[in-house]
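Structure, as structure tokens:
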Amino acid sequence: MIIFKLSEVQDRYNITNVSLASALGVNKSLVSEYRTGAKQPKLERINQIMQAIAQLAGEDILKVQPLTLLDLIEWRMDEPEKAQQIKTK
């Protein structure tokens, strides 16, 4: 399962839904849906989000707190049973 950690990144760089939505050219409700997990962005949109956050955060902040893809995305095994099945195969 892919966990999209947009709210954590927005909090770290002090970026609002409105400013991110504006930078992306989308409605702020779409950003809210990404934050809550109601929608998952496609890979191209993730790239756009990373670029927008970098632009909005500013170069000085990024020098102190670099932004990486791992800050935004986390992968977890869906269910413990699946992990056990993978080990036994």
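- No side-chain heavy atom of Y34 sits less than 4.5 Å from a side-chain heavy atom of L20.
- Atom CG of L6 is separated from atom CD of E33 by 12.0 Å, given to the nearest 0.5 angstrom.
- The hydrophobic cluster around V64 extends to none of the other residues, as no ILVMFWY side-chain heavy atom falls under 4.5 Å of it.
- V18 and V9 are assigned to two separate hydrophobic clusters, defined by single-linkage of ILVMFWY side chains at heavy-atom distances under 4.5 Å.
- Going from atom CZ of F4 over to atom CG of L72 covers 4.0 Å, rounded to the nearest 0.5 Å.
- To the nearest 0.5 Å, atoms CZ (R45) and CD (Q48) are separated by 4.5 Å.
- Side-chain atoms of D11 do not come within 3.5 Å of backbone N or O of E8 as any donor-acceptor pair.
- With sequence neighbours left out, K5 forms a salt bridge (charged side-chain N to carboxylate O under 4.0 Å, His left out) with E74.
- At least one side-chain heavy atom of E59 sits less than 4.5 Å from a side-chain heavy atom of K63.
- Screening residues 13-22 for side chain to side chain donor-acceptor pair (under 3.5 Å), with sequence neighbours left out, gives Q10-N17, T16-S19, N17-S32.
- Atom CD1 of I2 and atom CD1 of I46 lie 7.0 Å apart (nearest 0.5 Å).
- Under a hydrophobic clustering in which Ile, Leu, Val, Met, Phe, Trp and Tyr are joined whenever their side-chain heavy atoms come within less than 4.5 Å, directly or via other members, L62 and I15 fall into the same cluster.
- Scanning both residues, L56 and A23, for their nearest heavy atoms gives CD1-CB, 4.0 Å.
- Separation of atoms CE (M50) and CG (L67) is listed at 4.0 Å; rounding is to 0.5 Å.
- No more than 12 heavy-atom neighbours from other residues, nucleotides or ligands sit within 6.0 angstrom of CG on L43.
- Under the 4.5 Å side-chain contact rule for hydrophobic residues, I73 and W75 share a cluster.
- For the atom pair NZ of K39 and CG of L30, the computed distance is 5.5 Å after rounding to the nearest 0.5 Å.
- Contact annotation: the side chain of D71 approaches that of R12 to within less than 4.5 Å [non-hydrogen atoms, C-beta and beyond].
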